[in-house]
Amino acid sequence: MTEINGSGSRREALLSEEVELENFIRELFASQKLAVLGTQNQGQPYANLVAFTPSDDLKSLYFVTARATRKYANIEADARVTVLVDNRSNQDSDFSQAAAVTATGTAQEVMDSERDAVLTIYLAKHPMLKNFVQSPSCALLQIRVETYYLVRRFQNVMELHVK
């Protein structure tokens with residue numbers, strides 16, 4: 001997923017770290033149904049909970065929203081977004097065990113023939129949203145991820161750049 005330069009054991013160590021990071025992100029995304037979506041409007045941040053699902057290759061995240069929402073209007077005005085997925089349990093142990101992945105990228109509506117294939121994947125994770133996503137007033141959005149940031153133990157940060 002990333003381009004890694006180097007030679008010998010350094011290159012192997014970087015590849016191993018990348019595989020570990022990708023596996024952690026996959027496991028976290030499989031265990032969580034909701035994410036925090038961050039948009040902005042004229043410099044004012046705006047955050048919402050969204051039901052999300054990732055693509056198999058982690059290059060995209062998908063969510064559905066009504067077109068009449070503030071988040072949709074914000075994305076129409078500025079496609080740059082961020083998504084936060086975490087595993088906190090609201091316990092004291094979170095200070096040493098919680099992990100959060102932030103994805104940055106751009107969002108756009110999924111259209112036409114691609115829409116049906118993505119909705120199948122989305123509804124496999126969120127079958128309870130079937131009626132909502134089939135509404136003509138709803139938009140299926142794709143976030144093309146540029147970078148993932150994993151934070152563990154509040155100070156251990158790893159980056160994964162998506163090609």
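- For the pair Asn48/Val36, no side-chain contact is recorded, criterion being any heavy-atom separation below 4.5 Å from C-beta on.
- Side-chain N or O atoms of Tyr62 include none that pairs as donor or acceptor with a backbone N or O of Ile121 at under 3.5 Å.
- Atom OH of Tyr149 sits about 8.5 Å away from atom OG1 of Thr82, to the nearest 0.5 Å.
- A distance of 12.0 Å separates OG1 in Thr65 from CZ in Arg70, rounded to the nearest 0.5 Å.
- Remark: side-chain polar atoms of Arg26 are paired, donor with acceptor, to backbone N or O of Asp56 under 3.5 angstrom.
- Proximity of a side-chain donor or acceptor of Arg67 to a complementary backbone N or O of Pro136 within less than 3.5 Å is detected.
- Remark: side-chain polar atoms of Ser135 are not paired, donor with acceptor, to backbone N or O of Asn131 under 3.5 angstrom.
- Counting only distance, with no hydrogens or angles, the side chain of Asp78 and the backbone of Arg80 share a donor-acceptor pair below 3.5 Å.
- Between Glu22 and Leu160, some side-chain heavy-atom pair lies under the 4.5 Å cut-off.
- Checked against the 6.0 Å centroid criterion, the rings of Phe29 and Phe52 qualify as a close aromatic pair.
- The side-chain heavy atoms of Val81 and Thr106, taken from C-beta on, include no pair separated by under 4.5 Å.
- Distance check: Phe63 CZ to Thr53 OG1 gives 13.0 Å after rounding to the nearest 0.5 Å.
- Put simply, Val101 and Leu84 are part of two different groups of oily side chains (I, L, V, M, F, W, Y) that touch within less than 4.5 Å, one to the next.
- Side-chain contact check for Ile25 versus Leu58: some heavy-atom pair is nearer than 4.5 Å.
- The distance from atom CG of Leu141 to atom OG of Ser60, rounded to the nearest 0.5 Å, is 11.5 Å.
- Looking only at side-chain heavy atoms (C-beta outward), Leu61 and Val145 come within less than 4.5 Å of each other.
- Residue-environment remark: CG (Asn23) exceeds the threshold of 12 foreign heavy atoms within 6.0 Å.
- The closest side-chain heavy-atom distance from Tyr46 to Gln40 is not below 4.5 Å.
- Of the possible polar contacts, none joining the Lys59 side chain to the Pro54 backbone as a donor-acceptor pair under 3.5 Å is found.
- Put simply, the side chain of Lys71 reaches to within 4.5 Å of the side chain of Val50, judged on heavy atoms.
- Looking at heavy atoms from C-beta onward, Leu119 lies in side-chain contact with Leu140 at the 4.5 angstrom threshold.
- The backbone N or O of Thr39 sits nowhere less than 3.5 Å from a side-chain atom of Asn74 that would complete a donor-acceptor pair.
- Atom CD1 of residue Ile75 and atom CG of residue Asn41 lie 11.5 Å apart, to the nearest 0.5 angstrom.
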